[in-house]
Amino acid sequence: MKKIINHKEDVVEEMLQGMVKAHPEYLKRIDDSNVLVRKDAPIKGKVALVSGGGSGHEPAHGGFVGLGMLDGAAAGEVFTSPTPEQILKGIKAVDGGKGVLLIIKNYSGDVMNFEMAAELAQMEGIEVQQVIVNDDVAVEDSTFTVGRRGIAGTIFVHKIAGAAAEKGMDLDDVKRVAEKTIKNVKSMGMSLTPCVVPGVGKPSCEIGEDEMEIGLGIHGEPGIRKEKIKPAREIANILLSNILEDMKLEKDDEVAVMVNGLGGTPLMELYILNREVDNLLNEKGIKIYKTLVGEYMTSLEMAGASISVLKLDDELKQLLDAKADTPAFRIL
Amino acid sequence: MKKIINHKEDVVEEMLQGMVKAHPEYLKRIDDSNVLVRKDAPIKGKVALVSGGGSGHEPAHGGFVGLGMLDGAAAGEVFTSPTPEQILKGIKAVDGGKGVLLIIKNYSGDVMNFEMAAELAQMEGIEVQQVIVNDDVAVEDSTFTVGRRGIAGTIFVHKIAGAAAEKGMDLDDVKRVAEKTIKNVKSMGMSLTPCVVPGVGKPSCEIGEDEMEIGLGIHGEPGIRKEKIKPAREIANILLSNILEDMKLEKDDEVAVMVNGLGGTPLMELYILNREVDNLLNEKGIKIYKTLVGEYMTSLEMAGASISVLKLDDELKQLLDAKADTPAFRIL
Amino acid sequence: MCNSNILIKIIENMGKNIIENKDYLTELDRVIGDADHGINMSKGFSAVDAKLDEMNGKDWGSILKTVAMTLISTVGGASGPLYGTAFLRASTVVDGKMEIDKEDIINMFEQAVEGIKMRGKSDKGDKTILDALIPAFEALKLAYEEGKDTKTAFKMAEEAALEGVEYTKNIIAKKGRASYLGERSIGHQDPGATSTYIMIKSINEVLEQN
Amino acid sequence: MCNSNILIKIIENMGKNIIENKDYLTELDRVIGDADHGINMSKGFSAVDAKLDEMNGKDWGSILKTVAMTLISTVGGASGPLYGTAFLRASTVVDGKMEIDKEDIINMFEQAVEGIKMRGKSDKGDKTILDALIPAFEALKLAYEEGKDTKTAFKMAEEAALEGVEYTKNIIAKKGRASYLGERSIGHQDPGATSTYIMIKSINEVLEQN
Ligand SMILES: Nc1ncnc2c1ncn2[C@@H]1O[C@H](COP(=O)(O)OP(=O)(O)O)[C@@H](O)[C@H]1O
Ligand SMILES: Nc1ncnc2c1ncn2[C@@H]1O[C@H](COP(=O)(O)OP(=O)(O)O)[C@@H](O)[C@H]1O
Ligand SMILES: [Mg+2]
Ligand SMILES: [Mg+2]
Ligand SMILES: [Mg+2]
Ligand SMILES: [Mg+2]
């Protein structure tokens, strides 16, 4: 296991310190916690947004704390949800009297820990609502199961709900646009190499020398299938076909696209993948309103990428374009 | 060789297409060239900045084209300088009548190709000046050789010279601040794994399972030495010691720090490394005015990082803080 | 019948066994989850261990509540809130009691089951903790109804839990991370059911010695 | 003495040999550079090959200029401007000539050397192209001074170039990427000197056949 770390037990603590040291103009850390909040939190009279989850997905979520996005992010151990206590600290630190929206990725651990935090916060008189992001079309959507995972599409929820809150919308309205975004965003990923959780020391899964894994999760959870590695064009086609099958887009619909690197894949390859995504959507007559290419929701050093497509309407477009100023996402 | 690409011969072409498709609000491509320029180029009455070099270092340099940074970037084949013809196209496309500054990384190939382009541009009546970035302290500084390589410190030159040009400084003045920045910035890198040039298909170098390479170049050029992999703290110490030895910083001097990922190293590790850099500089009483952590100058999928330290004065601080709006670097 | 001293011994033994089985539980989770169940549980019980001293002399309710809050506030992941809720709900029916009887045992167990069902929105057959815990609870209740003593009743609960663990190999996961695998979760043993079995076994080991 | 037809044959043969040695040159560059010298040179000469037809019937100066501009505008990297400048400077002394003589040959060679020195700010002993090219030029000049014929003179130039290539193994690189290695560049053969040797050898092969 080759990593630039000190002790494997300390990675989250030291990473959080490194983040605050890097971005003191954006972030402050709540004492005795793994919670990062906006430098200017709490902001009186603004709905506050709290997200978080396991670590190892950087810049998610601490990198999206700042103007026009999150007010706070709670970081768990690597790939492990933060505890209710931690999340509660985040909620209390950012509450500006207008209520708090929790943006949760759909994993049993995250959902339960955030729900418990919400219950505790409500007991302390803070108004808390939650939305659960479930954009990963690699997982079958079924009401008998926990349903789909939340992956990179979550960043669109941060951005759009964050802009809504910054604009002064109330909690119900912020929740409404967050839910609209969740309904409209679908994602799917693939990987070329596994990742190694520092505390585990072994690769999360095995992928052969000439193989790729389609549809795997951002914690190295197995995907839909392994297959022989294919050209970028076909990779884009596999992922997009699954996404579009689920979205029922029509000609002239407008979308935002995210080509997200999982950590080990260089930007060159992400741009090549974006070319293919763009070509495929163009062929179908779908209009690309905005594109994001880069690392937004990673899985440690895993090589691979995910594609997210968000269907837009005028309200979402306006919120997507709104000013944002965070360590990892800025719009002037 | 596992990469998300189509044909290995097409990576640069397809990457450039993918970049322009991703960032149409920032970039346009000059016909029949691998040159990306600002959407609004040429800007009349402003000194124009052109940089470039081999591909495989993304987001450098196309990602830094935009307001407050570069006007144009010429992309060569992977790790190969662009040709004079290409660079000349860039110069002509961005010249706004106030002269053009070339920002060149110190590699024989880059220097010669850019110099030939400058000669050709001057023959066409365009005023061209150049600066050569040589921040890599891993290489001995000698007047008998070509001297030091240019690596990630180059981004500070783009930022500061770009801000100077945007502010309306004339060519001599822009060149002066660029040279001041070059004089004040030192960098050094290390790597855990090699990279694979698509056209070559073999790793650029061999690094053992428990080894790291200290001081290697961003094209996989061998470094100072291989040693057993060490904790982040010692890695920071090795790189910083070499940098500081060369800089003669004094207590209370102010610096900007860049912790730059080489492509395969996740942000978590970069933040951990930043924590160590920050601690070490604090111990020495050196003041950190601004920190950048992320991927700025990569080497394909190489795992590793470089550290750059830029000594600041009031002028450099002001230019560093100035507004910038490019695909890969934004300051509000 | 049972004083709260024995509870502390049980908690201590649970911790010991969970920590001993850290790698085993993690490996089970690696196959159908995210390779951390042993890590999560060990972390929780190490924190619980550090509080054993302060539990001394406390009532059943307080002790269980301390265990619950410690698990909730250290584990993270799915197992933290689930086991935490189980202990928390169990604590409510023995609040202030220094001694408990069969009735209390059944009530605690029942509350634990209900707590997990509520928190996890899950039930028997979902390939989770509940596939060990519910059969164990039912076996325990039946044993008591049949007039068995506590040691025997818990022996039967342990057997039922183990059967439940085996059963998880044959079914599709409907809750937790393993549910993302769909059909491919069949054939693999559930980590959470396994840790539940280990905890029930830990109760028995203490009862045997007393 | 030599008409421009032979030059086209020489250029063609250079391309053939460079492309045949693509992997060899790249491998040399992998050890002390960035593993692309063969790729760069092949790319350049493939582009030159595509222009052979249009060179037909042109004068020495035009042909050399076409080669120069093609190398400059396709290679990138250090070798592009260096060889490009060499051919460009050589072209200036035979502008408009359909036939050339010994004097012209010496002038062209000299210009090539000077061009590379100027462009590369380099000289003999830096472990570059010049360590093959300068000895070759000196041997050629000497041979002519001693009254040798062109074939013999080029034979001697080729031998000197090969010795120069061998010599690069013993010295530290002071220019180009290999210079970053300092002492560690010793023991390795310079790719650029090697491609120069291949090009001179290519001249000889054509002279032999004519
Ligand atoms: N909704 C649920 N109800 C009951 N048990 C669950 C539920 N979700 C997960 N589990 C249990 O939790 C176990 C996994 O715990 P753990 O690995 O610690 O958490 P995580 O899945 O967050 O990594 C599973 O094996 C399963 O038994
Ligand atoms: N300044 C210089 N003068 C003469 N030859 C040089 C100089 N710099 C590099 N070279 C030659 O160029 C060769 C490398 O060429 P190539 O690999 O194509 O370019 P790059 O180094 O840009 O990758 C070296 O082996 C050396 O012979
Ligand atoms: Mg987990
Ligand atoms: Mg090169
Ligand atoms: Mg788990
Ligand atoms: Mg080379």
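Letters A, B, ... are given to chains in the order of the sequence lines, protein chains preceding strands, and every chain is numbered from 1.
Using a distance-only test at 3.5 Å, with no hydrogens or angles considered, no donor-acceptor pair links the side chain of B:Arg149 to the main chain of D:Arg177. A donor-acceptor distance shorter than 3.5 angstrom exists from the side chain of D:Arg30 to the backbone of B:Pro203, with no hydrogens or angles considered.
Proximity to chain D (any heavy atom under 4.5 Å) is shown, for B:Glu9, by neither the backbone nor the side chain. For D:Glu27, the part lying near chain B is the side chain, with the backbone staying farther off; criterion is any non-hydrogen pair under 4.5 Å. Interface residue B:Ile224: only backbone heavy atoms are found under 4.5 Å from chain D.
Annotation: residues 55-79 of chain D contacts chain B through D:Ile72, D:Ser73, D:Thr74, D:Val75, D:Gly76, D:Gly77, D:Ala78 [non-hydrogen atoms, separation under 4.5 Å]. For a heavy-atom cut-off of 4.5 Å, chain B lies close to no residue in residues 13-26 of chain D. For a heavy-atom cut-off of 4.5 Å, chain B lies close to D:Arg119, D:Gly120, D:Lys121 in residues 106-128 of chain D.
Between chain B and the residues D:Gly33, D:Gly176, D:Ala35, the most heavy-atom pairs under 4.5 angstrom are made by D:Gly176. If you tally non-hydrogen atom pairs under 4.5 Å between each of B:Gly53, B:Gly147, B:Gly199, B:Gly223 and chain D, the highest count goes to B:Gly223. The greatest number of non-hydrogen atom pairs below 4.5 Å with chain D, out of B:Val78, B:Val139, B:Asn113, B:Leu88, is found for B:Asn113. Options B:Glu85, B:His219, B:Arg148, B:Met112 differ in how many heavy-atom pairs under 4.5 Å they form with chain D, and the most are formed by B:Met112.
Under the side chain to side chain contact (heavy atoms under 4.5 Å, CB included) criterion, D:Ala161 pairs with D:Ala132, D:Ala136, D:Tyr197, D:Ile200, not counting sequence neighbours.
Under a cut-off of 6.0 angstrom, the local environment of CG in D:Asn170 is crowded, with over 12 non-hydrogen atoms contributed by other residues, nucleotides or ligands. Open room surrounds CD on B:Glu245; 12 or fewer heavy atoms of other groups in view lie less than 6.0 Å from it. Within 6.0 Å of atom NZ in B:Lys226, more than 12 heavy atoms from other residues, nucleotides or ligands are found, so the atom counts as buried in its surroundings.
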> Given D:Asn40 and B:Thr80, is the side chain to side chain contact (heavy atoms under 4.5 Å, CB included) satisfied, shown in steps?
Replying inline: CA-CA 8 Å; D:Asn40 291 344; B:Thr80 303; 3.8 Å; yes
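Side-chain atoms of D:Lys43 and B:Glu77, non-hydrogen and from C-beta on, do get closer than 4.5 Å to each other. Annotation: side chain of D:Tyr180 is not in contact with side chain of B:Asp136 (no heavy-atom distance under 4.5 Å).
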